J.: 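Can you keep this structure in mind? I'll have questions shortly.
Quick note: numbers below take in every heavy atom, side chains included, and nothing from hydrogens, waters or symmetry partners. Note on naming: letters A, B, ... go to the chains in the order of the sequence lines (proteins, then strands), and numbering restarts at 1 for each one. Please read all numbers here as calculations on a predicted model, not as lab measurements.
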2 protein chains.
Amino acid sequence: MTGKGVLDTTLGFHIARASVVAYDAFEQHIGTPHGLRKVDFSLLMLVAEHSHLAPKVLAKMLSLTAPKLSMVLDRMQARGLIDRTPDPLDRRSVQVTLTAEGVRLARALEPVARRMEQGLKKRLSAADHARLIQLLSKLASPPG
Amino acid sequence: MTGKGVLDTTLGFHIARASVVAYDAFEQHIGTPHGLRKVDFSLLMLVAEHSHLAPKVLAKMLSLTAPKLSMVLDRMQARGLIDRTPDPLDRRSVQVTLTAEGVRLARALEPVARRMEQGLKKRLSAADHARLIQLLSKLASPPG
DNA sequence: TATTGTTATACTCTATAACTATA
DNA sequence: TATAGTTATAGAGTATAACAATA
């Protein structure tokens, strides 16, 4: 798409197109070789950094609905990557933690993720890559 | 999401989060009020600029599979926004054009799309908005 | 044989509402 | 009654394979 019509100044259109490239890179480096979906990977790395959080908090951090997160947790628990343990202070709630296997996979994926980003830098310089993340983060953050 | 883990340097994660904001803006300004899906809007504006293209070409420009585009064309034709006319030079192929109603809607949506982008500029300055589109476009373009 | 477009099928994603168990 | 989490259901997006018509 080149030209100068309405779509060319529509951010959502460009985000959708860029997401195809990012998704292809994810599938190639992480999704296919490690049998993870994007949301699985995000959850794994998030829980690796922030342990013992409740599903409700994780859902908000990942922009997921509660039912969707339940399904993701089911899948990852069945695979032995995460555990759900009761919250001792509020028995309605649970705490999500990584299993030893989950910790191992999260660590193994760190260099893989770095290689994936390196691959994207064939299209984008390191400076562009950092700036793009900064701008996307600004867009996604609450206005103020 | 703030911190400095693997996700924070993973472009795909930030694209996914930004797409939520862009999609909300689309739904509010265009999707709900005009009964269009994102892909409908993209197709409408694309055909408004580039008439008489074949589905195969449109599918590539929109990063859609051929079957998906067929379904979109069906829906928009049923709504009276586009026509499929036989290609006189190759009778396997068709040419996609806007109906008078399609032209009218495409024109009506131009200021609406501008307002939508203005709304996003509450989160992002005009310069950031332009730079973000430039970087996303660079990411989405073939490497070279 | 190859290509254009369509139809058929299946799988994933996403959202809403209903349910349970605690509070 | 309100909340956390789950289950149930349905709608929309996406991909592959099979098919019809034409080249």
J.: Are the side chain of Thr32(A) and the backbone of Glu27(A) linked by a donor-acceptor contact shorter than 3.5 Å?
T.: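 Yes: the side chain of Thr32(A) pairs with the backbone of Glu27(A).
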
J.: Take the protein atom CZ of Phe26(A) and the nucleotide atom C1' of dT12(C), then report the distance between them rounded to whole Å.
T.: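 Taking CZ of Phe26(A) and C1' of dT12(C), I get 14 Å after rounding.
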
J.: Quick one: side chain to side chain donor-acceptor pair (under 3.5 Å) partners of Glu110(A), sequence neighbours excluded?
T.: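 Glu110(A) satisfies side chain to side chain donor-acceptor pair (under 3.5 Å) with no residue once adjacent residues are dropped.
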
J.: Does a side-chain N or O of Arg91(A) approach OP1 or OP2 of dA23(C) to a distance below 4.0 Å, or not?
T.: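 Yes.
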
J.: Rounded to whole Å, how long is the line connecting atom CG of Leu89(A) with atom P of dG5(D)?
T.: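 Taking CG of Leu89(A) and P of dG5(D), I get 13 Å after rounding.
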
J.: Between dA4(D) atom P and Lys60(A) atom NZ, what is the distance in whole Å?
T.: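 Lys60(A) atom NZ is separated from dA4(D) atom P by 12 Å.
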
J.: How do Ser63(A) and Pro88(A) order along DNA chain C: which one's closest nucleotide is nearer the 5' end?
T.: Ser63(A)

J.: Side chain to side chain contact (heavy atoms under 4.5 Å, CB included) for Leu46(A) and His50(A)? Distances and angles first, verdict last.
T.: CA-CA 6 Å; Leu46(A) 190 55; His50(A) 306 282; 3.7 Å; yes

J.: When the distance from CG of Asp24(B) to P of dA15(C) is rounded to whole Å, what number comes out?
T.: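 About 9 Å, once rounded to whole Å.
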
J.: If the sugar-phosphate is the primed atoms plus P, OP1 and OP2 and the base is the rest, what is the B/S/- string for nucleotides 1-10 of chain C, using protein heavy atoms under 4.0 Å?
T.: --BSSBBB--

J.: Could you identify which residues of residues 27-37 of chain A place a heavy atom less than 4.0 Å from some atom of DNA chain C, listed by residue number, or say none?
T.: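 Contacting residues: Arg37(A).
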
J.: Please report, to 0.1 Å, the donor-acceptor pairs under 3.5 Å made by any side chain of residues 68-81 of chain B, with sequence neighbours excluded.
T.:
{"from": "Asp74(B)", "atom 1": "OD1", "to": "Arg84(B)", "atom 2": "NH2", "distance (Å)": "2.2"}
{"from": "Arg75(B)", "atom 1": "NE", "to": "Asp40(B)", "atom 2": "OD1", "distance (Å)": "3.4"}
{"from": "Arg75(B)", "atom 1": "NE", "to": "Asp40(B)", "atom 2": "OD2", "distance (Å)": "3.3"}
{"from": "Arg75(B)", "atom 1": "NH2", "to": "Asp40(B)", "atom 2": "OD1", "distance (Å)": "2.7"}
{"from": "Gln77(B)", "atom 1": "OE1", "to": "Arg84(B)", "atom 2": "NE", "distance (Å)": "2.9"}
{"from": "Gln77(B)", "atom 1": "OE1", "to": "Arg84(B)", "atom 2": "NH2", "distance (Å)": "3.1"}
{"from": "Arg79(B)", "atom 1": "NH1", "to": "His34(B)", "atom 2": "O", "distance (Å)": "3.3"}
{"from": "Arg79(B)", "atom 1": "NH1", "to": "Gly35(B)", "atom 2": "O", "distance (Å)": "2.8"}
{"from": "Arg79(B)", "atom 1": "NH2", "to": "His34(B)", "atom 2": "O", "distance (Å)": "2.9"}

J.: Could I get the full list of salt bridge (charged side-chain N to carboxylate O under 4.0 Å, His left out) partners for Arg115(A), not counting sequence neighbours?
T.: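 Result, salt bridge (charged side-chain N to carboxylate O under 4.0 Å, His left out) vs Arg115(A): none returned.
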
J.: Applying salt bridge (charged side-chain N to carboxylate O under 4.0 Å, His left out), name anything that partners Arg91(A), two or more places apart in sequence or on another chain.
T.: none

J.: Whole Å only: how far is the CG atom of Leu64(B) from the C1' atom of dG13(D)?
T.: 10 Å

J.: CG of Leu58(A) versus C1' of dG5(D): gap in Å, rounded?
T.: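 Spelled out: CG on Leu58(A) to C1' on dG5(D) is 13 Å.
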
J.: Just wondering, are more than 12 heavy atoms of other shown residues or ligands nearer than 6.0 Å to NZ in Lys56(A)?
T.: no

J.: Measure OH/Tyr23(B) against P/dC13(C) and give the value in whole Å, please.
T.: 16 Å

J.: Thinking salt bridges, do Arg114(B) and Glu117(B) make one under a 4.0 Å N-O criterion?
T.: no

J.: Are more than 12 heavy atoms, taken from residues, nucleotides or ligands other than Lys60(A), located less than 6.0 Å from that residue's NZ atom?
T.: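 Open: at most 12 neighbouring heavy atoms sit under 6.0 Å from NZ of Lys60(A).
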
